[in-house]
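Reading through the structure tokens given below for one structure.
Both ligands and their constituent atoms are indexed starting at 1 by order of listing. Just so it is clear, the values below take in all heavy atoms, side chains as well, and ignore hydrogens, waters and symmetry mates. Numbers here simply count residues along the sequence, with the first being 1.
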Amino acid sequence: MTPIFAPACRIDHLSSFYNFHTAVDVLRLDLVHPVVSGNKWFKLSHYLIDAGKNNKKTILSFGGAYSNHIVAIAAAARFKGLKSIGIIRGERALSLSQTLQEAMNFGMELFFISKEAYKEKLIPKEVKTIYPADDLYIIPEGGYGNKGMLGGKDILLKNETASYTHIVSAVGTGTTLAGLVAAAQPHQKIVGISAVKNNFSIQSEVAALLPEGKQHSFEMLHQYHFGGYAKYTNELLQFMNEFFSLTGIPTDFVYTGKTFFAVFDLLKQNYFTPEDKLLLIHTGGLQGNRSLSEGKLIFG
Ligand SMILES: *Cc1c(COP(=O)(O)O)cnc(C)c1O
């Protein structure tokens, strides 16, 4: 089984498909692994190394029914020979989402808690009685924390990224973005596209993971959420289909579709100059497309 270490990834050049006046490349983290896809692989790696060092046998984390983070943990734990527990927000649905079914197929044990308990990240009593606290390794929701940030840093450090002037990534918890900012060189500008509507506190959540002096060296754009987290419009799906038929690159409707749409829109507005060289981070997440009804996307 492939080990969980941040590897070097392929870079695609969109200039072979489009007549942009600016160079635009895509860093294909989506190709890292079919399940522990994209930025999740990077974000989890330092937590998993730490769990190993501390001899922890069970990984526990939090997420919703469609969480890429949860299924990535389930798969990564399985590869590492560890148990995994998912604390899932809200009541157990009669038929579980494909994401949760897949997590269970990787051996993850699921516990459902109320939205209120979830807000507090309360670990249910049942879990505490079955699993001794000493054995549990808790990864925060979305991998948000210093170790997650270090994984985001690896995305730039383990790939040939020094020549780019702008690095653009989707933003959920901001962990990945913080890592990109931490690893960026002085000539590089980091741009985050929020996948969540009006999530203005993200600015300070990213800053909290950064050393002083780096805390404001990024830009967050909030106008490309398409109605909110995991919401979409026909315009977005049409863009994703067209982008795929030209480039062969699949995107997901929650994060990367919106991010790539944003970049195309910014290019139209001459937000970038011809001297700029853009690197778009394909953060993966393609498994999330399975929650769309069949036929909406021309790729699987
Ligand atoms: C989880 C995820 C993100 C968000 O990453 P954060 O580090 O939480 O900001 C972005 N893109 C994809 C595809 C994801 O699955």
Side-chain angles (χ1 to χ4, degrees), residues 6 9 26-47 61-76 97-99 102-103 139-156 167-183 190-197 199 201-210 218-222 224-226 229-230 232 236 240 249-263 280-292:
C9 305
V26 179
L27 180 65
R28 299 290 306 276
L29 306 187
D30 57 311
L31 300 174
V32 162
H33 189 275
V35 181
V36 195
S37 154
N39 64 338
K40 298 301 182 283
W41 176 291
F42 286 86
K43 280 203 290 185
L44 293 178
S45 60
H46 291 268
Y47 287 110
S61 195
F62 302 87
Y66 300 98
S67 167
N68 291 333
H69 168 74
I70 282 291
V71 70
I73 288 195
S97 70
Q98 299 218 20
T99 304
E102 184 159 19
I139 298 182
E141 180 183 35
Y144 179 86
N146 185 59
K147 292 192 172 60
M149 184 278 289
L150 292 176
K153 235 174 137 170
D154 288 338
I155 294 172
L156 288 194
I167 290 147
V168 188
S169 175
V171 175
T173 64
T175 313
T176 304
L177 197 82
L180 299 175
V181 177
I190 308 294
V191 182
I193 310 295
S194 179
V196 185
K197 188 176 175 175
N199 186 22
S201 62
I202 192 71
Q203 215 94 10
S204 56
E205 281 148 21
V206 173
L209 297 175
L210 288 167
F218 63 95
E219 182 158 8
M220 275 297 311
L221 300 180
H222 292 279
Y224 297 105
H225 56 72
F226 287 85
Y229 183 72
Y232 60 89
L236 176 67
M240 290 165 61
I249 303 175
T251 51
D252 78 294
F253 76 97
V254 181
Y255 293 104
T256 53
K258 293 177 183 181
T259 297
F260 290 19
F261 183 101
V263 169
L280 318 190
I281 313 289
H282 193 315
T283 42
L286 299 171
Q287 70 89 21
N289 285 340
R290 291 179 306 182
S291 70
L292 289 174

Which atoms from ligand 1 have a heavy atom of [X] less than 4.0 Å away?
X    : answer
G285 : 13 (C)
N68  : 14 (C), 15 (O)
T176 : 5 (O), 6 (P), 7 (O)

With respect to [X], determine whether any N or O atom, backbone or side chain, lies less than 3.5 Å from an N or O atom of ligand 1.
X    : result
T256 : no
D252 : no
L177 : no
G174 : yes

| said: Tell me the contacting part of V254 for ligand 1: side chain, backbone, both, or neither, using a 4.0 Å heavy-atom threshold, strictly below. | reply: neither
| Of all heavy-atom pairs between S37 and G285, which one has the smallest distance, and what is that distance? |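 Smallest interatomic distance, heavy atoms only, reads OG-N, 3.2 Å.
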| If you take all heavy atoms of A230 and F253, which pair is closest and at what distance? | O-CE1, 3.3 Å
Cut-off 3.5 Å, no hydrogens considered: what does the side-chain donor-acceptor table look like for residues 173-181, sequence neighbours left out?
unit_1	atom_1	unit_2	atom_2	d
T173	OG1	T175	N	3.3
T173	OG1	T175	OG1	2.6
T176	OG1	N39	ND2	2.9

| field | ring-ring contact (aromatic ring centres under 6.0 Å, His included) partners for F261, two or more places apart | value | F226, F239
| Can you tell me if G38 has a non-hydrogen atom under 4.0 Å from ligand 1? | no
| query | Looking at atom 5 (O) of ligand 1, what's its closest protein heavy atom, distance included? | reply | N39 ND2, 2.9 Å
| Pick from K40, E141, H69, K258: the one approaching atom 1 (C) of ligand 1 most closely through a non-hydrogen atom |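 Result: the heavy atom closest to atom 1 (C) of ligand 1 is in K40.
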